[in-house]
Every structure is written in structure tokens, then in C-alpha cells.
Protein chains: 2
Amino acid sequence: MNSDFTLAIHSLTFLALQTDRMSTSEAISESAGVHPVRIRKVLSLLKKHGFIKSKEGTGGGFIFVLDLSEVNLWDIYKITSEGALKPKCPDSNENCIVGANMERVLCSIFFGVEEHMGEYLKEYTIKEVVNLVK
Amino acid sequence: MNSDFTLAIHSLTFLALQTDRMSTSEAISESAGVHPVRIRKVLSLLKKHGFIKSKEGTGGGFIFVLDLSEVNLWDIYKITSEGALKPKCPDSNENCIVGANMERVLCSIFFGVEEHMGEYLKEYTIKEVVNLVK
DNA sequence: CGTTCTGTAATAGTAAACATTACAGATAAG
DNA sequence: CTTATCTGTAATGTTTACTATTACAGAACG
């Protein structure tokens, strides 16, 4: 799994503490220790899903649109990393009963894991993450 | 996450269908589509934890020791991949309240996720995986 | 109309995963 | 007692995934 999920959480938490004005991708990237372009890529996903809005040009940047308690970590996971737990099975042997069926079985198990994980992540909203950070 | 976890499941499932004789790392690797050395590495972990035993030399290989319903996927996960969900946070900015605290917060959340996932994985034993494969 | 931003593609660099080679040691069979 | 077979493990090479960097078009604002 790449770190888009954690970067998204970091960015939204950052924005959550700056709801009165817009934050630039550079300011967020300095907080997170990554390149501004990555921040813009991740945030463009979050924008598409209506969590934040952005503005170009002087004084522009990113800002929260929703209430902090409306956004939970499962929403963010689905946007940034859904399916990331699914194992990448190499070409196994179709002539072996195990090789021929393992991918299907593993995929169904990991799908269940992800759904189950979702139930847990839904309990965390950005508001709660902010409280933990403070 | 690497695929040690899924390779371990694949290998144990393979062994579960050959409980009367030993299987070589090459036979298992052909089923799983990976290099025999990787199989031996993963299986050496499982051996240390008493799930299987091995024998060198002619007629040697790997064989199940425990009952199939004694081994569940959480046991296997812990051996092969515990902590793999923990995000690798780059050096974030200590002068920013978010950067300074995010790693700690994320680690505690992901630790909880892993524990919660464990409750789910405990429900799957190798016996059940075998039934799904067949 | 120049400056400051986002948006996004294209390229380069780095790190993690995986394969391969090599060889020592154990075991069984001839 | 020697040869073939197999595990155990380290060392090295290769590939793939992730991340950084560069580049530039387009929007907003003074």
C-alpha cells in the first residue's frame, strides 16, 4: 500500500486546523515532509468527492467544505486505497487444485477483511483525529 | 506488504492436501508460481512456530504437524506480517502541531486496525481454506 | 500582464520485493 | 562411503512500486 491514505489524513487534519483560510499545497507538504505535487494529487481526489474545495491563483489553496465530524477514515480509505489489501497473486499453477483456486479464495477473504476494517475505520472522524493530535 | 502471508497460506493449504507424505519446496513453488527459495524462507518461519516439520535429503520436504483446524490465519499473519499495516511516515515537520503528532496518532490507529483485523482472521482456519479451495 | 497558485503529465530516482546463484549440511539409497 | 536429493541461508542481481522532480498549461488576483 502506498501512503496516499495517510497523506490524505494528514492533509485533512492540517486543513481542519485552518478552516478560516486556504492552505497551499506547499504549506501542507512542509508539514507532511513530502513533495507538494503529491499533496495536490491526493487532494484532487478528495476534492472530487466533495470533502474540500480548491482555488487557483494568489491567495488560493485548499479548504475544508464539510463539517469535521462528517468525514471518517473509511471514506478516505475508500477514495485513496480501496482494494490495496488484495494480494497480488503471481501466475500459479492451474493444474494444481491449490494453485487453480487460491487466488479466488484469497480475494474473497481479503475482501472480507477490508469490509471488516471499514467498520472500525468508520468510528474515526477527522474531528477525532484532530483531538488526538492536539 | 510483501506476499509472505499469502504464500504461507498457499503452502499450508498445499501441505494440508498431502498429509501422508512430505512435499518439497519445489513442488510447492510450482503450485504457487514463485521461486523455491522463497518457499523455504517462509516455511522456515512456520517451522519455528511448530506448525510444520521439515526433513533434509532424499524423500525430505515439509509436512503438517498440527491439526488443520488448529491453525488460523491470524496466527499466520502474526508470524509473517505483523506490523505491516503501520504507515511509514516520512520525516514530518516537528514545528507543526500536525507534523509533530501525526505519526503517533496514525500508529495508534493502525495498531487498532490490525487488532480488529485479527478478530476476523481468527475465524478462518486452514481447514476452512481447504474447503473453500475444493 | 506579471505573480501566485492549482492541475496534470512526463521523467528520473529510490526503495522494497522478488529471483537467482551459490554453497554448506543433513539424509537416504546404492 | 560415495553420490544424489533436499533443506537452510547468505549474497547478489533484477524487477516493480513508490516517490521526487521537472515542466508547463490554465485560473485567479492585484
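Below, chain A is the first sequence line, B the second, and so on; all start at residue 1. Note that this is a predicted model, so its numbers are computed, not measured.
Look at CD on A/Glu56: it is 4 Å from C1' on D/dA27, rounded to the nearest Å. Atom pair B/Ile39:CD1 and D/dG8:P shows a separation of 13 Å (rounding to whole Å applied). Separating the CG atom of A/Asp4 from the P atom of D/dT19 is a distance of 7 Å, rounded to the nearest angstrom. Atom CG of A/Leu7 and atom C1' of D/dA20 are 13 Å apart (whole Å). In this entry the distance linking CZ of A/Phe5 with P of D/dC18 reads 16 Å, nearest Å. Note: CG (B/Leu45) to C1' (D/dT9) measures 12 Å, nearest angstrom. In this entry the distance linking CD1 of A/Ile28 with C1' of C/dG7 reads 15 Å, nearest Å. Rounding to whole angstrom units, CG of residue A/Leu43 and P of C/dT6 are separated by 9 Å.
Side chain of A/Lys55, nearest nucleotide from D/dC29, C/dA19, C/dT8: D/dC29. Taking only side-chain atoms of A/Val37, from C-beta outward, the nucleotide of D/dT22, C/dA26, C/dT3 with the closest atom is D/dT22. Nearest to the side chain of B/His35, among C/dA28, C/dT20, D/dT19, sits C/dT20. The A/Asn2 side chain lies nearest to D/dC18 when the options are D/dC18, C/dT3, D/dG26. For A/Ser54, whose side chain is taken as the heavy atoms from C-beta onward, the closest listed nucleotide among D/dT7, D/dA20, C/dG7 is C/dG7. Listed nucleotides D/dA4, C/dG7, C/dT3 differ in distance to A/Arg40; the shortest reach to its side chain belongs to C/dG7. Taking the side chain of A/Phe62 as heavy atoms from C-beta on, and the options C/dT6, C/dT4, C/dA19, the nearest nucleotide is C/dT6.
There is a side-chain donor-acceptor pair under 3.5 Å between B/Ser31 and B/His10.
For C/dT6, the OP1/OP2 oxygens have no side-chain nitrogen or oxygen of A/Ser44 closer than 4.0 Å. Contact check, B/Ser3 against C/dC18: a side-chain N or O comes under 4.0 Å of OP1 or OP2.
Note: A/Thr80 OG1 to A/Leu73 CG = 10.0 Å, rounded to the nearest 0.5 Å. Rounding to the nearest 0.5 angstrom, the gap separating the SG atom in B/Cys89 from the CZ atom in B/Arg104 is 12.0 Å.
None of B/Asp75, B/Leu43, B/Val65 except one satisfies the side chain to side chain contact (heavy atoms under 4.5 Å, CB included) rule with B/Phe51; the exception is B/Asp75.
Ring geometry, B/Tyr77 versus B/Phe5: the interplanar angle exceeds 60°, so the pair is classed perpendicular (tilted spans 30 to 60°).
Counting any heavy atom pair closer than 4.0 Å across all strands shown, A/Lys53 reaches no nucleic acid atom.
For A/Lys78, the NZ atom counts as densely surrounded, since its 6.0 Å shell holds more than 12 non-hydrogen atoms of other residues, nucleotides or ligands.
The residue among B/Ser25 and B/Lys88 whose nearest nucleotide of DNA chain D lies closer to the 5′ end is B/Ser25. Closest-nucleotide positions on DNA chain C for B/Lys41 and A/Lys47 were compared, and the one nearer the 5' end corresponds to A/Lys47. A residue-by-residue look at B/Gly61 and A/Arg38 shows that B/Gly61 has its nearest nucleotide of DNA chain D further toward the 5' end.
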